[in-house]
Enquirer: 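So that we are looking at the same thing, I have put the structure below in structure tokens.
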Amino acid sequence: MSSFKDIGLKPFLIQAIEDLGFQKPTDVQKECIPLLLETDLDLVALAQTGTGKTAAFGMPLLQKININSNYTQGLILSPTRELCIQITKEIQSYAKHLPNVNVVAVYGGSNIQEQSKRIKKGAHIIVATPGRMQDMQRRKIVNISKIDYCVLDEADEMLNMGFYEDIIKILSKAPKQKNTWLFSATMPLSVSKIAEKFMNSPNEIVIGNKNSGAKNVSHEYYTVSGRQRFEALKRLVDVNPTIFGCIFCRTKRETQKVAENLIESGYNASALHGDLSQNQRDTVMNSFRKKQIQLLVATDVAARGIDVDNITHVINYQLPDENEVYTHRSGRTGRAEKKGISIIIVTQSEQRKIRSIEKLIQSKITHKNIPDTDEICRIQMLSLAKKISNVEPSLSAEKLIPDFTNELNNLTKEDILKRLITVELDRFYNYYSDKSKKLDTPKKGSSNKNLVERINKKDEIRYHINIGERDKYDWRSLKDLIKSSLGFNGDEIFHVDTMRNFSFFSSGPNEKSKILKGFNSLKINNRDIDVSVTEKFDSKRAKKSKTRKKDRSFLKKKSVKKNKINPFKYKAKKSKQ
Ligand code: AMP
């Protein structure tokens, strides 16, 4: 079955599909649509965002409801307001030739009266976010006591966002006799639990592999020192002149900083994170959708549920803490059968995460070298040439030709071309002319013994630093901060252990004076950074300590004085370097 006509859709849907220009059903549509149309069953479908899931449940839903009855027959729960709006619009577009059907979006951060007016007109299908849905239920605006169909879309995201209790409360008001269709990109335990609780021997459809990345996405990673992360990002953007991409950072602060730095360096970028108001976020998203913004720098939370077509690249500026999040990030590209690239920038110490992500997505992540400056300039020049050869000359250009030719009549064709390249690409040539060509640090395992192994234990110098987890650092990000502040780009800093209010790290003897002087004028969260040498390594005591909790109770019992703490007792988040 390879055409929409073969999968049992009624003419009103075929007409809408033709209007939309869809050529053939996607894999998830081929599997789900006939099954849902022909049978009344519960379904778990595992498919990435961007694979055509909305049509896979939306079309059968539209075809199965009775539009002559006004009661609510279908409820679709979605994790975010952006996705809720998107699903509603998408289903409305499939219902274009089905008169009088009412599909209503119910989501927070928007006027509840307006939404309630639309519901009162008789909503056949409600698309809702869990929070606003419960609010509407409490106010008795919505009634789902007779629904026949319930769709849990992006179930894994809903559970990640802590909506488990809300889903239970919402569905307690729905009848037992209904069909539940669950769509999820990944299948963590929490999703299986939901399936068990709410579904009746569901059929399972898996598009690709469980938990796998989208099939149209290729994955690549680049190893750099923490200090060079931003420079690497710029090169990766510059070597892809037509990039339309989403850059993911771990924290709001980093997201804002990366976006600001990109803008300052002349890129068309914008930040999207939770410190922006809903209005600001909507504005950014609208501009991104219209491609007025080329690079969206976002946190995972803010980017949840955002499905924009034609994203060419996802860049993991930093890897997420949980590998599943990577699946969601990379699923932002390669949508609607298009190809996409997911790029990961890692430091040597983060590199071990690559293997575990490969296992999860069941796909190879290829190691690549950061392009050198000649390569970037060449690609920029070729892109300019392509742009020139593809552009349709405008009428106004034709009118200006005589004056233009007159102005340049003393130049040869070659001179003109050289000058054109200079005018257009000077930014790149100037910028890269004084940069060293290679940026990569060697892949882990490819270098000789690292410094940690080379340094004799008795030469290891241990430091105390007054930055900790309260400043939102873990050992990895703190190590990056220390190295970038001091201009180190190898393995000079190791054994980083973070506590709540302070942390410890080690170096060899050669780095000591730089480390003690290097933080003089730096501040974090309005505090001066303070680094001092602390007690020597005590291997016997280090072995004794197991967990941070135990260490804390030990502290209490023995009343160890705060300034006499032996850092090696605190093995809380030990780096593996
Ligand atoms: P979804 O996974 O539902 O968010 O869909 C991703 C994008 O693919 C949306 O923009 C849809 O309009 C589009 N789409 C859905 N089905 C098809 C299809 N069969 N052919 C081409 N595009 C599609």
Side-chain angles (χ1 to χ4, degrees), residues 1-9 13-37 43-63 74 76-97 103 105 125 127 129 151-158 181-186 205-208 212-217 244 246 285-286 288-291 303-312 314 327-340:
M1 279 191 279
S2 59
S3 92
F4 279 108
K5 290 197 174 117
D6 298 330
I7 57 175
L9 294 171
L13 284 168
I14 299 288
Q15 185 61 53
I17 289 166
E18 274 171 20
D19 295 348
L20 287 164
F22 296 173
Q23 302 291 321
K24 56 181 178 40
T26 63
D27 289 347
V28 69
Q29 292 162 0
K30 266 188 264 179
E31 296 284 337
C32 294
I33 294 177
L35 190 69
L36 296 178
L37 287 177
L43 173 75
V44 171
L46 294 181
Q48 293 290 314
T49 55
T51 51
K53 280 187 296 146
T54 317
F57 61 76
M59 290 187 184
L61 194 55
L62 285 170
Q63 188 157 318
I76 300 166
L77 287 179
S78 95
T80 62
R81 83 182 227 136
E82 284 80 8
L83 189 59
C84 174
I85 296 169
Q86 196 173 312
I87 294 171
T88 311
K89 282 192 187 149
E90 191 106 3
I91 296 187
Q92 283 166 343
S93 73
Y94 303 144
K96 190 172 155 200
H97 302 287
V103 185
I125 297 171
V127 189
T129 52
V151 181
L152 302 173
D153 193 24
E154 305 240 341
D156 51 351
E157 283 286 42
M158 276 201 281
W181 305 337
L182 181 152
F183 284 76
S184 187
T186 58
I205 286 178
V206 181
I207 304 298
S212 75
K215 69 175 182 344
N216 300 335
V217 180
F244 175 53
C246 201
M285 273 320 297
N286 284 338
F288 187 55
R289 269 203 187 90
K290 289 184 200 150
K291 294 200 169 178
R304 264 177 184 151
I306 289 168
D307 292 329
V308 174
D309 287 344
N310 303 321
I311 290 181
T312 58
V314 161
T327 316
H328 286 286
R329 287 182 177 184
S330 54
R332 307 267 171 240
T333 179
R335 290 165 52 81
E337 312 278 286
K338 302 246 169 60
K339 294 241 176 292

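Whatever order the structure lists ligands and atoms in, that order sets their numbers, starting from 1. Quantities reported herein were computed from a predicted structural model and do not represent experimental measurements.
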Enquirer: So which bit of Phe183 gets within less than 4.0 Å of ligand 1, heavy atoms only: side chain, backbone, both or neither?
Expert: neither
Enquirer: Are any non-hydrogen side-chain atoms of Met285 and Val308 less than 4.5 angstrom apart?
Expert: yes
Enquirer: Calculate, to the nearest 0.5 Å, the distance between atoms CD and CG belonging to Glu18 and Leu13 respectively.
Expert: 11.5 Å
Enquirer: On a heavy-atom basis, I'd like to know which of Gln86, Met59, Gln29 is closest to atom 15 (C) of ligand 1.
Expert: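 The nearest heavy atom belongs to Gln29.
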Enquirer: Would you say Thr333's side chain and Ile311's backbone share a donor-acceptor pair under 3.5 angstrom?
Expert: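 Such a contact is found between Thr333 side chain and Ile311 backbone.
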Enquirer: Distance under 4.0 Å to a non-hydrogen atom of Lys53: what atoms of ligand 1 satisfy this?
Expert: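 Once the distances to Lys53 are compared, the set is 1 (P), 2 (O), 3 (O).
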Enquirer: Flag Thr51 as yes when one of its N or O atoms lies below 3.5 Å from any N or O atom of ligand 1, and as no otherwise.
Expert: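 It does: an N or O of Thr51 is found under 3.5 Å from an N or O of ligand 1.
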Enquirer: Do any nitrogen or oxygen atoms of Glu90 come within less than 3.5 Å of a nitrogen or oxygen of ligand 1?
Expert: yes
Enquirer: Quick one: list whatever passes ring-ring contact (aromatic ring centres under 6.0 Å, His included) with Phe183, sequence neighbours left out.
Expert: Phe57
Enquirer: Could you say whether the N/O atoms of Gly52 and ligand 1 ever approach to under 3.5 Å?
Expert: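 Such a contact does occur with ligand 1.
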Enquirer: Can you tell me how far CD1 of Ile33 sits from CG of Leu9, rounded to the nearest 0.5 angstrom?
Expert: 5.0 Å
Enquirer: About how many Å separate CG of Asp19 and CD of Gln15, when rounded to the nearest 0.5 Å?
Expert: 5.0 Å
Enquirer: Going from NZ on Lys30 to CD1 on Ile205, what distance comes out if it is rounded to the nearest 0.5 angstrom?
Expert: 12.5 Å
Enquirer: Classify the contact between Lys24 and ligand 1 as side chain, backbone, both or neither, using a heavy-atom distance cut-off of under 4.0 Å.
Expert: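 Contact part for Lys24 vs ligand 1: backbone (N, CA, C, O).
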Enquirer: Does an N or O from Thr54, backbone or side chain, lie closer than 3.5 Å to an N or O of ligand 1?
Expert: yes
Enquirer: Of the backbone atoms (N, CA, C, O) and the side-chain heavy atoms from C-beta on, which set of Asp309 has a member under 4.0 Å from an atom of ligand 1: side chain, backbone, both, or neither?
Expert: side chain
